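Inspection log for the structure reproduced underneath, given as structure tokens.
Here the structure is a predicted model, which is why all the values come from computation and not from measurement.
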Amino acid sequence: MTPVELSRTVLGAVRRAVDAGELRVDVPERAVVAPPGPGGVGDYATNIALQLARPAGQPPLRVAELLRSHLVHADGITGVEITGPGFLNIRLDQNVGTALVRRILDEGAARYGHSDTLVGQVYVLRVPYEIRAEVVADVLARMVASQGARVEIQQQELQKDDTHETLDVRPVPAPQDPTPLGPDAARWALLHPAPSDRPRITADHLVQREGNPLFRVRYAHARTRAVVRNAADLGFAPEPGAAEPLLLPLLTDYPRILTTAVPLPRLHRPDAIAAPARLARHLVAVADAVLDLLPGTLPRGDEKPTAAHRARLALAEAAGTVLAGGLSLLGIDAPDHL
């Protein structure tokens, strides 16, 4: 279960409480779920009870108790605990991780994290004549389109379109032309920094060392492809199983990262312009986690492949799939060999 799916499950619990007459509130358009903070337990936590308490005219703990009674029976959830002033801490079925890895492998880089949620909606990105703004807008358009919407890119000098959701794309301009870096490094140099930060247009983006985030992401992808080939040579294939706790949440969170590109002010996303940088940083985190996993993926010496090897191999391949999909959305090549 991804955070996006869990958010829908939480909203379903709110809707059932409203339908049962237990809460008198408007069902919000989204529920924020995230790893629990200090004092929290389980896999994810949400503050939805605190959010609804005032409009419901009830104490947060009472709202949390009502929602808990609807959440505990939801598919994929094995437990819900209330902590602090009314945080709902959710524990997921451990088989969910196995199912997620299988889903990523089945859907592949072109489909995992994509949805048709926004089919029929049109968004307009207004862009100045500046290379960084144009590249950021291009990636925003790809990310929004991955959720089913249609995107139009207009130059800001044109009259504003008031008939559709509109987002002005104005990151801090590039200090110089990044073209000499080559297409992949140039795009990364423009996309990886936050839009409020000035990008560094330097040859550091071309260095094949651990200190270069772009190299780590592309190298991690190539290594995941290599271990799958090596495993085939050894006569065994990926088989989803018990997953590593550091990597699985990053793969789970990838679909949510893609949705942050949707420029909906009513969903509190005025920072949609930062979505490409958010995606780039997420890919770095995935790359670092999978590089730590890879040394234990293949058997050593006379060791025979075990279920743990097959599970780690499946997780590594799933991570490579996410890296490939994310790099594609950034417009950057994901090499099988590096």
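- With rounding to the nearest 0.5 angstrom, the CZ atom of R312 is 12.5 Å from the CG atom of L247.
- Side chain of S7 to backbone of A31: a donor-acceptor contact under 3.5 angstrom is found.
- Residue-environment remark: CZ (R300) stays at or below the threshold of 12 foreign heavy atoms within 6.0 Å.
- At distances below 3.5 Å, at least one donor-acceptor pair connects side-chain atoms of H205 with backbone N or O atoms of R200.
- R16 places a side-chain N or O within donor-acceptor distance of the main-chain N or O of H70, the cut-off being under 3.5 Å.
- The backbone N or O of V207 sits less than 3.5 Å from a side-chain atom of N212, completing a donor-acceptor pair.
- Counting non-hydrogen atoms of other residues, nucleotides and ligands closer than 6.0 Å to CZ of F215 gives a total above 12.
- Other residues, nucleotides and ligands contribute only 12 or fewer heavy atoms inside 6.0 Å of the CD atom of E210.
- Side chain of T78 to main chain of R91: a donor-acceptor pair is present (N/O by atom type, distance under 3.5 Å, no hydrogens or angles).
- Residues satisfying the side chain to side chain contact (heavy atoms under 4.5 Å, CB included) criterion with R278, sequence neighbours excluded, are I257, T260, D271, A274, A275, R281.
- Residue L251 forms a side-chain contact (heavy atoms from CB on, under 4.5 Å) with just one option from L315, T321, V290, and that option is L315.
- The main-chain N or O of P335 is never found under 3.5 Å from a side-chain atom of R218 such that the two would form a donor-acceptor pair.
- One finds the CD1 atom of I90 at 5.0 Å from the CD1 atom of I77 (value rounded to the nearest 0.5 Å).
- A distance of 15.0 Å separates OH in Y219 from CZ in R209, rounded to the nearest 0.5 Å.
- Between the side chain of N89 and the main chain of A45, no donor-acceptor pair closer than 3.5 Å is present.
- Crowding of R310 atom CZ: a count of heavy atoms from other residues, nucleotides or ligands under 6.0 Å exceeding 12.
- Counting all heavy atoms, side chain and backbone alike, I153 lies closest to A141 at CD1-CB, 4.2 Å.
- Residues meeting the side-chain hydrogen bond (donor to acceptor under 3.5 Å, both in side chains) test with R187, sequence neighbours left out: D138.
- Enclosure of atom CG in D26 is not indicated, since only 12 or fewer non-hydrogen atoms of other residues, nucleotides or ligands lie within 6.0 angstrom.
- Around atom CZ of R216, more than 12 heavy atoms belonging to other residues, nucleotides or ligands sit under 6.0 Å away.
- T297 OG1 to N230 CG: the interatomic distance, rounded to the nearest 0.5 Å, is 10.5 Å.
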Item to complete: Let me see the working for Y254 and L279 under side-chain contact (heavy atoms from CB on, under 4.5 Å), right down to the final yes or no.
Response: CA-CA 8 Å; Y254 175 73; L279 174 58; 3.8 Å; yes
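- Within the model, atoms OG1 of T202 and CG of L181 stand 7.0 Å from one another, a figure rounded to the nearest 0.5 Å.
- Under the side-chain contact (heavy atoms from CB on, under 4.5 Å) rule, L248 has a single partner from V101, T98, D253, which is V101.
- I82 is connected to V10 through a chain of hydrophobic side-chain contacts under 4.5 Å among Ile, Leu, Val, Met, Phe, Trp and Tyr, so both are in one cluster.
- A donor-acceptor distance shorter than 3.5 angstrom exists from the side chain of E130 to the backbone of A174, with no hydrogens or angles considered.
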Item to complete: Test H309 against T306 for side chain to side chain donor-acceptor pair (under 3.5 Å), laying out the working first.
Response: CA-CA 5 Å; H309 288 116; T306 65; 3.0 Å; yes
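- How far CG of L92 is from CG of L6: 6.0 Å, rounded to the nearest 0.5 Å.
- Using modelled atom types, one side-chain atom of H282 and one backbone atom of L250 make a donor-acceptor pair closer than 3.5 Å.
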